[in-house]
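First the structure, in the form of structure tokens, and then the observations on it.
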Amino acid sequence: MTLTRNGIAYRVSLDLPKGGYVNLGIGIPTLIPNFLPEDTDISIHSENGILGVGPMAEPGTEDPDLVNATKEFVTLNPGATIFDHALSFTMIRGGHITHAVMGAIEVAANGDLANWSAPGEKVPGVGGAMDLAFGVQHLYIAMTHVTSKGAPKILNACRCPLTAPRCVQRIYTDMAVMDITPEGMMLREYAPGLDPEAVQEKTEPRLLVADDCRPMEIPERVNGVRLVAETAAS
Amino acid sequence: MIDKNVASCAEAVSDVFDGATIMIGGFGDPGVPGRLVEALREQGATDLCIIHNGAGGGDFSLGGLIQDGRVRKLVASFPSGTGSTAFRERYLSGDIELELVPQGTLSERIRAAGAGIGGFYTPTGVGTRLAEGKETRIINGREYVLELPLHADFAFIKAHRGDRLGNLIYRLAMRNFNPIMATAGKQVIAEIEELVPVGELPLEEIHTPGIFIDRMVEVPRLPQLFAPPKRGAAT
């Protein structure tokens with residue numbers, strides 16, 4: 001069994017501390033707020049100058065002056081603040097944002113990240129990804145373990161242009177949770193029904209297995225949302 | 001009596017010259033001075049260098065200016081939005097130059113220009129393609145790359161309310177790049193939604209003091225613009 005995209009988001013949500021200041025990238029990370037407990041007091045940061053981003057605006061209630069970094073119409077939580085781009089990136093580059101969760105095209109065993117320029121992409125665009133990768137206190141990656149064609153995304157060395165070298169601390173995928181350590185990539189948890197060998201098969205670098213490595217404790221559903229995929233991993 | 005307000009967008013942009021460098025505020029749709037850019041399309045200046053986070057969308061405002069073939073170079077962090085069709089077409093045909101800058105470096109280069117700073121060292125980009133060929137330096141054991149200020153002949157910005165002295169207040173996320181661009185252009189032109197008498201803006205809530213503004217034009221927000229816009233609008 002492997003996790004759904006919601007399952008990956010749920011698993012990340014368990015590791016975000018109360019009172020954290022968190023920037024969420026596009027893709028799987030945008031699902032994380034659905035799983036944060038109500039009393040968490042986590043402030044979601046958006047690069048365009050918002051701290052305290054609330055849920056997406058309901059259709060018909062959108063405010064044309066209120067979008068997030070992916071240009072979706074959002075709401076504000078009580079206590080939210082708005083500021084200009086220079087202060088927004090002061091929060092990022094200055095290490096005030098505690099966590100960023102991003103997707104990735106490739107991650108290397110040493111924590112190198114490539115997620116801004118995909119093979120075959122004709123018009124380049126970097127946005128705030130590099131500033132986040134260099135600046136935040138903890139950089140987590142939430143992604144599928146392999147590409148849509150089944151090729152590993154966790155590699156000995158990145159082949160795509162780097163976003164930042166040696167910046168990733170932890171990777172969450174549909175198969176596993178892994179830490180980047182000075183000794184190498186360390187397997188911490190694997191999806192229910194898998195084992196370390198199954199994760200290794202889909203991972204290019206040699207995985208170290210933590211002494212307390214264990215299956216993830218993850219419910220099949222939360223609030224009716226399926227977290228564990230119905231079909232077995234091939 | 002100082003009155004920075006001018007009668008029309010056409011008048012506000014009348015002295016933009018061929019080859020000018022122009023900053024355009026906004027991120028997504030909020031805070032884009034779209035009517036000023038439309039007036040610039042009418043005005044005719046060409047061979048422009050535009051500094052903006054994205055590459056505009058559709059055929060309005062910056063997207064239209066690019067589509068008209070008036071932009072020689074774009075300095076941006078995210079010109080690859082799906083709505084930026086005009087830029088995409090001209091970039092792929094080699095008809096427009098791109099300087100790609102990480103978003104935080106873009107905003108800080110603008111801030112540096114406005115603050116009289118000759119450059120700064122940032123960790124962002126070290127060891128990547130975007131720092132190739134740039135001077136680096138180790139400071140306190142960490143490697144940084146030297147980035148230079150971004151100046152402009154003109155800055156087009158947008159604000160919600162303003163008075164004739166040029167004091168401005170932005171609404172919600174329309175602030176983004178606007179206050180820093182207001183400091184970095186030689187001539188700063190503001191499109192404001194509502195002109196109010198001097199003294200009416202709460203003085204502790206003024207985001208951009210009038211010293212930075214050269215002229216401004218009132219463009220009331222149209223009711224239909226306040227209606228729920230469609231999702232996935234221009235970048």
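Chain A is the first sequence line, chain B the second, and so forth, proteins listed ahead of strands; every chain is numbered from 1. Computed from a predicted structure; not experimentally measured.
For chain B, no part of A:Leu132 is nearby; none of its heavy atoms comes within less than 4.5 Å. Proximity to chain A is absent for every atom of B:Tyr170, based on heavy atoms less than 4.5 angstrom apart. Within the 4.5 angstrom heavy-atom criterion, no atom of B:Arg109 approaches chain A. Heavy atoms closer than 4.5 Å to chain B are found in both the backbone and the side chain of A:Phe134. Interface remark: B:Leu98 contributes side-chain atoms only to the contact with chain A (heavy atom separation under 4.5 Å). Heavy atoms closer than 4.5 Å to chain A are found in the side chain of B:Pro179, but not in its backbone. Neither the backbone nor the side chain of A:Asp112 comes within contact range of chain B; no heavy atoms are under 4.5 Å apart. Only the side chain of B:Arg111 comes within less than 4.5 Å of a heavy atom of chain A; its backbone N, CA, C and O stay farther away. Using a 4.5 Å cut-off between heavy atoms, B:Val101 touches chain A through its backbone atoms (N, CA, C, O) alone.
Between the side chains of A:Asn23 and A:Glu47, at least one donor N or O lies within less than 3.5 Å of an accepting N or O. Of the N and O atoms on the side chains of A:Thr203 and A:His145, at least one donor lies less than 3.5 Å from an acceptor on the other residue. Between the side chains of A:Asn6 and A:Thr4, not a single donor N or O lies within less than 3.5 Å of an accepting N or O. Between the side chains of A:Thr144 and A:Asp174, no donor N or O sits under 3.5 Å from an acceptor N or O.
Screening A:Leu139, A:Ile8, A:Val12 for a side chain to side chain contact (heavy atoms under 4.5 Å, CB included) with A:Val101, the sole residue that qualifies is A:Val12. The only member of B:Ile189, B:Val188, B:Leu195 that meets side chain to side chain contact (heavy atoms under 4.5 Å, CB included) when paired with B:Met216 is B:Leu195.
When B:Pro123, B:Gly127, B:Gly31 are compared by the number of non-hydrogen pairs under 4.5 Å with chain A, B:Pro123 comes out ahead. Among A:Gly135, A:Pro124, A:Gly49, A:Ser88, the residue with the largest count of heavy-atom pairs under 4.5 Å with chain B is A:Pro124. No other option in A:Leu162, A:Leu66, A:Asn48 has as many heavy-atom pairs under 4.5 Å with chain B as A:Asn48. For the set B:Asn53, B:Thr124, B:Thr122, the count of heavy-atom pairs under 4.5 angstrom toward chain A peaks at B:Thr124. Listed options A:Ala86, A:Ala80, A:Gly125 were ranked by heavy-atom pairs under 4.5 angstrom with chain B; first place goes to A:Gly125. If you tally non-hydrogen atom pairs under 4.5 Å between each of B:Pro79, B:Gly104, B:Ser107, B:Ala173 and chain A, the highest count goes to B:Gly104.
Ring centroid separation for the pair A:His85 and B:Phe177 comes in under the 6.0 Å cut-off. Taking the six-membered ring where the residue is Trp, the centroids of A:Tyr140 and A:His99 are separated by under 6.0 Å.
With a 6.0 Å cutoff to the six-membered ring centre and a 45° limit on the axis angle, B:Arg137 does not count as a cation-pi contact of B:Tyr144.
Atom CD1 of B:Ile211 has 12 or fewer heavy atoms from other residues, nucleotides or ligands within 6.0 Å.
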